[in-house]
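Just so it is clear: chains get the letters A, B, ... in the order the sequence lines come, proteins before strands, and each one is counted from 1.
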Amino acid sequence: MHVVVVPAAPDRVQVLDVDDDDAVVAKVELDTADLPGLVNAREAAVDAPAPRWVWPDTATWYPALLAAQVAVARCWDLRLCHAILRASALTARTTFASVPPSAWDQPRTQTDSDRLFDLDPPVRLDPLEELRRQRRALAAAAGPGGESESGRLGLLLAAESAGALVAAEMTHSGVPWDAAEHDRILAAVLGKRPVPGYRPALLEAKLTQLRAALGVGDFNPDSPGELLKALRLAGLPATSTRSWELREIDHPAIAPLLEYKKLSRLLTANGWHWLDTWVAGGRFRPVYVPGGVVTGRWASDGGGALQLPHQVRGAVRADPGWTLVVADAAQLEPRILAAMSGDLAMARAGQATDMYEGMVAAGAVETREQAKYGMLGAMYGGTQGESGRMLPRMIKAYPQALALVEHAARAGERGEVVSTWLGRSSPRPGDDWRLAQSEASDEGATGVEQERARSLARGWGRFTRNFIVQGTAAEWALCWMALLRLRLRDLTPGGDVTAGPHLAFFLHDEVMVHTPVHLAEQVAEIVRECATEAGRLLFGPAGGGGVEFQVSVAVVDSYAEAK
DNA sequence: CACGGCTGCCAC
DNA sequence: AAACGTGGCAGCCGTG
C-alpha cells in the first residue's frame, strides 16, 4: 500500500491510501503535529503490510518523525525519483520526460519546509498526481530495443528513496564523536588551542623554521601569491605552491613548508573551529545530500563529511558499551565494471578476496600495483604513466570490460547520453561545449579552435566513461545500505533508530554501524550478507559472471583503527 | 563589504 | 605513478 502525505494547508496534512491502480481508498486530514502518531500506528500495525510513505521530500518530512522517535520502513521520495525519471534514457520517450519543467524540477533548499506555502506565487505541489505520473513513466520504461525496463528502474527508485531515509536517519543519529580526543589530537600536533587571531604554538614554530630556511622574513604563508614570491626570492625554482610540485625541489625550506601546509590544513579544515561548529552532544551531524552528485553518489552540505581526514578519525569513538562495525567494499568499482560488462575473465578475478591479486594470479599483469593503476586508468581514462602503460595489457586480458568503458567514452565525446546499470543517465554537455564543437566544425575554424573542441570532447568522454562505473557503484552501495538498514531495524525494537545497531556514517563504498558490543559480530555478518545480496539484486542470481562483492569488516572502538 | 573565481588539499 | 573521474571547503583576491 502506498500512503501519500499531502501538505494541505499550513500545519495541516492529508494522508491518502492509494492502491495499485492509483485509486484513493482512504483519506484523513490532521494537524501536521499529529502526523508522527499516525505514522507510528500504521508502521506498527501487524494486520497490514508496512506502507510505503510517499512524500514530496524525505529531507523535509522525515526529520520531524525521527525527532518524535518514529521511523518508517519504506518511502517514495518524489523529488529524487522525479530527477531520475526526467533524465533517464529509459523514460526518454515518455511524456514525463518531455513536459516543461515544473516545481518538481527545482532543487530542494534548506528552507523548503518553511517556504512551501510562503512563496509568491505559492507553490502547490500535488504529490498524488506526481505519484501517478511517476508510476506511468516507470511502467513505460523501455530499453533501446523496446524491451521493458521497469524492473531495474523501479529498483533504482526504491534504492534512491531508501538512501534518503538512511541519510535522514544518519543525520539524526550522528557520528559518535569524542571532542576531548579530537582536542588531544590537535594539541599534539598543533599545540594548545590559541586565543583567536593567533596561530597555535607548533604551527608558529614551523613558520619560524620556514622563514629561517628561506632567509625571507615578511610574507603571508597562507597566500599562494606571497608564498611563491618568497620561494623565488630565496632562489627556489617553484612555479606554483602545490605540495606535489614542491616535493620535487631539493632545498632545506621544503620540509618545513610541507609540514606547515599539513598543519595549517588541519587547523583550518578540522580544527577547533570545526569542532565548535559541527560537534555537539558527542555527535557529529553532517548533512548528506542523496543524489547530490550527477553520478548518483551522495554529496554533503556542511561539515565536510566526504573529506573526513584520517588525521582526526581517532576522535570517532563508540559510546561506552557500544562499538563500531566499519565495513569497506574492496575494489568496488573494478568489480562493478566486471559485473556490468559481463567480462567473464574479469569476473573471475572479481571472485578473489583482493581483485587486483586475482588479476595477478590470472597472469594479466605482474604486480598488484600494475593491476590497480591499470584499472584506475581504464575507468578514469588515464593515458599517462603506469596507467597508460598498462592499457594494452588490460585490453588484451579484459577486452569486453574495456570495450564497455571505451564505448561510453566515445558516446560522451559525441555529446551523447550514457546510463548506469539501473538507468540513471548522464547530463548532456552544456551550451559552451556544444558551441565549441559546432564552431570547430565550421569551415573557417582555426587549429586552436579545433584543438580546444577536441580537448573538451575528450574531457566529456572521460566523464561519461567514469559515469557508468561510478554511478553503478553508487547504485550497488545504495542497495547495500538499504538492505542493511532493514536488517538492522529487525534488531531494534520500537521506532527509535538509536536504541539499537544503526548506520552512523557512509562514504561512497564504506559504511559504519554504531552497535551495542554484544551484537557486533552479528552485525558484521549481516553487513557481509547484505553486500552479497546487493550484488544479486543488481546483477541477478549469477551475480554478473560470479563477481563476489567482498567487504572488509573491522569491529573497532575508534574509526582510526579501521583499515 | 558581499560575492564569485581561483588555488590547493582533503575524501572516495 | 602522475596530474586521469566525482565532490566539499577554507582562504585569498579581484570585482562591483
Side-chain angles (χ1 to χ4, degrees), chain A residues 219-229 238-248 257-258 260-271 273-274 277-278 286-313 328-334 336-337 367-391 405 408-409 412 418 420 424 426-427 455 458-474 476-477 505-511 559 563:
Chain A
F219 66 94
N220 176 5
D222 303 319
S223 160
E226 285 190 41
L227 176 58
L228 187 60
K229 230 186 289 176
T239 61
S240 81
T241 61
R242 296 182 185 93
S243 293
W244 64 266
E245 187 190 321
L246 297 175
R247 247 186 288 278
E248 303 305 311
L257 174 53
L258 294 176
Y260 176 88
K261 279 170 160 283
K262 186 85 181 160
L263 294 178
S264 174
R265 164 80 191 185
L266 175 63
L267 174 66
T268 55
N270 294 95
H273 179 70
W274 180 91
T277 308
W278 291 102
V287 176
Y288 302 93
V289 186
V293 179
V294 278
T295 57
R297 276 185 172 182
W298 291 7
S300 78
D301 182 12
L306 270 50
Q307 42 187 135
L308 210 57
H310 289 97
Q311 270 175 307
V312 301
R313 292 187 179 186
D328 174 287
Q331 303 92 41
L332 178 58
E333 293 191 357
I336 289 290
L337 175 57
T367 67
R368 188 180 187 280
E369 291 295 280
Q370 288 180 342
K372 181 177 172 182
Y373 292 119
M375 284 305 302
L376 288 178
M379 294 183 299
Y380 291 162
T383 55
Q384 306 282 305
E386 185 76 338
S387 286
R389 278 194 293 280
M390 286 304 116
L391 196 56
V405 285
V418 298
T420 60
R424 191 189 306 262
S426 64
S455 168
R458 281 194 300 269
W460 198 259
R462 285 192 298 274
F463 163 58
T464 51
R465 170 195 296 269
N466 186 249
F467 181 94
I468 60 168
V469 181
Q470 186 184 117
T472 304
W476 179 90
F505 190 57
F506 167 64
L507 192 54
H508 306 317
D509 61 358
E510 187 179 333
V511 298
Y559 193 15
K563 210 164 54 160

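- At whole-Å resolution of the value, CG in A/Leu332 and C1' in C/dG5 are 14 Å apart.
- For A/Leu507 against A/Ala305, the heavy-atom pair with the smallest separation is CD1-O, 3.8 Å.
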**Message:** Is there a side chain to side chain contact (heavy atoms under 4.5 Å, CB included) between A/Met379 and A/Leu337? Walk through the geometry before answering.
**Reply:** CA-CA 8 Å; A/Met379 294 183 299; A/Leu337 175 57; 4.2 Å; yes

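- Taking five base pairs at each end of the helix from B/dC1-C/dG16 to B/dC12-C/dG5, the local helix axes there meet at an angle of 0°, rounded to 10°.
- In this structure a side-chain-to-backbone donor-acceptor pair under 3.5 Å is missing from A/Gln370 to A/Met390.
- Between A/Val312 and A/Leu266, the shortest heavy-atom contact is CG1-CD1, 3.7 Å.
- The residue A/Arg247 sits apart from the nucleic acid: no heavy atom pair falls under 4.0 Å.
- Relative orientation of the A/Phe505 and A/Tyr288 rings is tilted, given thresholds of 30° and 60° on the angle between their planes.
- No contact: A/Trp298 has no heavy atom under 4.0 Å from any strand.
- A/Trp298 and A/Leu306 make their closest contact through O-CD2, 3.6 Å (heavy atoms, listed as atom of the first residue, atom of the second, distance).
- With a heavy-atom cut-off of 4.0 Å to chain A, the contacted part of DNA chain B has its first and last nucleotide at B/dG8 to B/dC12.
- Atom-to-atom distance recorded for A/Leu391:CG and A/Gln384:CD is 12.0 Å, nearest 0.5 angstrom.
- Atom OH of A/Tyr373 and atom P of C/dG5 are 16 Å apart (whole Å).
- When all heavy atoms are compared, the tightest approach of A/Ala473 to A/Glu333 is CB-CG, 3.9 Å.
- The pair A/Glu386-A/Arg389 meets the salt-bridge criterion, with a side-chain N (NZ, NE, NH1 or NH2) lying under 4.0 Å from an Asp/Glu carboxylate O.
- If A/Thr383 and A/Glu386 are placed on DNA chain C by their nearest nucleotide, the residue sitting closer to the 5' end is A/Glu386.
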**Request:** Show your reasoning for whether side chain to side chain contact (heavy atoms under 4.5 Å, CB included) applies to A/Met375 and A/Gln331.
**Result:** CA-CA 10 Å; A/Met375 284 305 302; A/Gln331 303 92 41; over 6 Å; no

**Under 4.0 Å protein heavy-atom contacts per nucleotide of nucleotides 6-16 of chain C, with B for base, S for backbone only and - for none** = BBBSSSSS---

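- Proximity of A/Phe219 to A/Leu228: side-chain heavy atoms (C-beta onward) are nowhere separated by under 4.5 Å.
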